[in-house]
Amino acid sequence: MYPYLFDPIKINSVEIKNRIAYPSLGLLFSYDRKLNDRYYHFFEARARGGSGLITVGPVGIDYIGSGLATIALDSDDYVPDFKHLTEIIQAEGAKAWVQLFHAGAYSHPILIDGKHPIGPSEVYSPYSKTTPKAMTIEDIQIVQNCYVNAALRAQAAGFDGIEILASAGYLITQFLSPIKNKREDDYGGNLENRLRFPLEVIQKVRKALGSDYPLTIRMAGNDFVQGSNTDNETPEIAKAYERAGIDAINVTGGWHESRVPQLPMTLPRSAYAYLAFNIKQSVSVPVMASNRIADPQTAEKIIKDGMADMVNLGRVLIADPDWPKKAFEGRADEIRPCVACSQGCTDQIFSGLPVGCIGNPQAGFEQDRKIVPIKTSKKIMVIGAGPAGLEASITAATRGFKVDLYDKENEIGGQLWIAGAPPHKQELISYIPYYKAMLKKYPISLHLNTTVDLKLIKKNKPAHIIVAEGAEPLLPPIKGLDESTVLTAWDVLKDNPFLGKQVAVIGGGAVGLETALYIATKGAITPEMLYFLFSYQAEPDDRLRELLFKGTTEVTVFEMLSKVGKDVGKSTKWILLDHLKKFHVTIITCAKVTEINNQKLFFEKNNEVLQQKFDHIVVASGSKSIQTLSSQISETKIPFQCIGDCVKPGKIGDAIHGGYLAAMRI
Ligand SMILES: Cc1cc2nc3c(=O)[nH]c(=O)nc-3n(C[C@H](O)[C@H](O)[C@H](O)COP(=O)(O)O)c2cc1C
């Protein structure tokens, strides 16, 4: 399967067995700059899964540019651990790469013992919220030497190749950017001068490593930052890199401070492959594409269509390290999807916590959460085929249990259907075909349209029961919720009922905001319509913009707290709020809804009682556990566990991880 994806490729002198690369991804598995077992097991799994190239990184070249939470190669003391890691990766048939990292002005003072970050110029960084110290010529030389020394250590540690990080807004990007680099010496000014720092780094590293050692670079295909480099300049930059001795170019999107999203579900699959192609047209060395290359068909198409020579699978390989193997063996339906939710990875990092994956309970826990097979097969019952019950079922079946899985609905998935309904959330639905494939693969009997009661349990006599009954909408104590024009967010997301022009949403948490967006987009033109109208220039651009962001409803969100989106992840909140703004959703905070009367919504704000009339009012004030069975199950005297929302409403990741752990505890 996928002959283009699995065709070997050479970078300088090194042959890579396929076109799949795992890119550098900060994991935060240690806070002492050192590798540890958690890293070893994590990378071993990714290499074993069949990727051709595994990049370890980011790896700091000095303390001020990386800090305590980044593994580092600024001392010979670290080399033996890296040697151990390269051997682990290479033993699985993958090539080991390392990404050398300097954050420059993006260094956060907390992570560098309060030291002052450095950068090309004293330009405030909205990412680290500091103004760096402008580097002197001596600083420049010191940092360049740190690159060289770290590269030599990486070579000594047995890495097959080295990547210099020159993307995402870090030090090299800062030198390249006219908005960050305000220097008036040879390192600032026109592009030729702004390129001087990175080119000197490349030349010095190349000289130290020798001509046949692979040296690659990761660059932004477009900074996506006002006033900075765009895809007009980046081909020139790439050409200069190639001339300076770079063997392959890894092209990604913009910076951390870009207001164009880089990672979430909003970003269509392979949306930034065009940036790789833009570079590929101007260089002769291999080029890699990045960002949201989620499935084998998309990856194959990028290579086959000549957009890039290799693909980076980042979060995708966190979600399923065996993606390459499964794709190669024609088992793509068994790939555990990366839904680009950012909750288990990016949001973790932003909270200073280790990376994991909401959909893969083993990610980051490769050693501790190994599947333990059972000696004698036993029968278990799992009640509820939402994410918790599904994960529990497949984990138990993988261990050797014979599983009977029940759901009262006519379809598996539970709340995934609701969670995946709002705009830009559809990736969540991709868990469903995955679980369907796994239910088929293992000895799991699925019983849909079946309400389980004690009688059925006693008749089946399972050795163990897992109850995952789920949750239902929680209705707040507001008078008038029984009016026919009042609905729950779940009703709206599940059934897409008719709604009038004026709609209120009570509750500004994640579900309330996503439901508001869902309602606000009704009637707006679809991407296909936009394509059609745009390609024929049927409407002027301004009018298209209006049609894209104007639906048939006017939505107002009422939130009691002073801010909305309290339970939305850090990395995606701004995107959701931005969408709501684009669709002109009105948000009223510090507003306590007290009553609904004849479609009038009464609310208290600033000690005043105000009212507004709506055609429909949608309640999104959380959910509560269903405990019909869990409250009686102990009567059966059969060992049982209750998991997921029926214990406490949580996020999808809580449900999936809870299901996995419950099945491991049996
Ligand atoms: C938690 C996290 C940490 C990352 N750290 C780095 C990094 O240190 N260096 C880098 O070049 N890219 C980094 N990236 C970007 C990834 O390498 C990759 O380009 C990005 O996740 C998009 O690809 P994907 O959609 O396949 O995940 C990081 C991404 C995430 C989610």
Side-chain angles (χ1 to χ4, degrees), residues 20-29 42 46 51 53-61 65-67 69-72 97-103 106-107 127 162-173 216-221 249-256 258 261-273 275-276 288-296 298-299 302 308 310-321 323-324 335 337-360 363-364 427 569-572:
I20 300 168
Y22 172 76
S24 167
L25 239 134
L27 295 171
L28 227 57
F29 287 172
F42 177 89
R46 270 76 213 161
S51 300
L53 187 157
I54 300 280
T55 310
V56 177
V59 170
I61 58 155
S66 59
T70 308
I71 47 174
W97 238 250
V98 63
Q99 182 185 67
L100 299 184
F101 170 76
H102 195 300
Y106 271 6
S107 256
Y127 183 66
I162 291 174
E163 177 181 85
I164 295 171
L165 173 58
S167 58
Y170 294 114
L171 181 66
I172 289 183
T173 346
T216 63
I217 199 157
R218 190 162 211 204
M219 68 181 289
I249 300 180
N250 185 346
V251 183
T252 178
W255 296 2
H256 285 298
S258 304
Q262 306 299 305
L263 300 170
M265 293 185 218
T266 329
L267 185 70
R269 292 185 181 195
S270 79
Y272 290 152
L275 293 173
M288 303 182 196
S290 259
N291 297 64
R292 296 271 289 119
I293 302 170
D295 58 281
T298 304
I302 289 172
M310 290 186 79
V311 288
N312 280 289
L313 309 181
R315 292 165 299 166
V316 172
L317 291 179
I318 297 181
D320 193 339
W323 188 109
I335 292 174
C338 164
V339 296
C341 65
S342 297
Q343 288 172 18
C345 49
T346 321
D347 286 344
Q348 284 285 104
I349 287 261
F350 283 177
S351 309
L353 296 168
V355 161
C357 176
I358 65 155
N360 176 4
E427 283 283 354
K570 276 187 193 166
S571 62
T572 48

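Both counts, for ligands and for their atoms, begin at 1 and track the order of listing.
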Test your reading of the structure: does [X] have an N or O sitting under 3.5 Å from an N or O of ligand 1?
X      : value
Gly26  : yes
Gly314 : yes
Arg315 : yes
Thr346 : no
Ser167 : no
Arg218 : yes

Parallel, tilted or perpendicular for Phe29 and Phe42, by the 30°/60° rule?
perpendicular

Could you tell me how the ring of Tyr127 sits relative to the ring of Tyr106: parallel (under 30°), tilted (30 to 60°) or perpendicular (over 60°)?
tilted

Any residue meeting salt bridge (charged side-chain N to carboxylate O under 4.0 Å, His left out) with Arg218, in chain and number order, not counting sequence neighbours
none

Closest protein heavy atom to [atom], given as residue, atom name and distance to 0.1 Å:
atom                    : value
atom 28 (C) of ligand 1 : Leu25 CG, 3.8 Å
atom 20 (C) of ligand 1 : Leu263 CD2, 3.4 Å
atom 13 (C) of ligand 1 : Ser24 O, 3.1 Å

Please name the pair of heavy atoms, one in Arg269 and one in Asp295, separated by the smallest distance, quoted to 0.1 Å.
NH1-OD1, 2.7 Å

Those atoms of ligand 1 less than 4.0 Å from some heavy atom in [X]:
X      : result
Pro58  : 8 (O)
Leu165 : 11 (O)
Pro23  : 17 (O)
Gln99  : 7 (C), 8 (O), 9 (N), 10 (C), 11 (O)

Could you pull out all residues at least two apart from Gln99 that satisfy side chain to side chain donor-acceptor pair (under 3.5 Å)?
Ser24, Glu163

Side chain, backbone, both or neither: Asn291 near ligand 1, heavy atoms under 4.0 Å
both

Quick one: OG1 on Thr55 to CZ on Arg46, what's the gap to the nearest 0.5 Å?
13.5 Å

Side-chain contact, heavy-atom cut-off 4.5 Å: Pro321 with Asn360?
yes

Contact between Leu263 and Ser571 at the side-chain level, heavy atoms closer than 4.5 Å - yes or no?
no

Apply side chain to side chain contact (heavy atoms under 4.5 Å, CB included) to residues Leu313 and Ser51 and explain how you reach the verdict.
CA-CA 9 Å; Leu313 309 181; Ser51 300; over 6 Å; no

Within the 3.5 Å criterion, strictly below it, is a donor on Thr216 or Trp97 matched to an acceptor on the partner's side chain?
yes

Heavy-atom proximity to atom 1 (C) of ligand 1, best of Val59, Leu28, Ile349:
Ile349

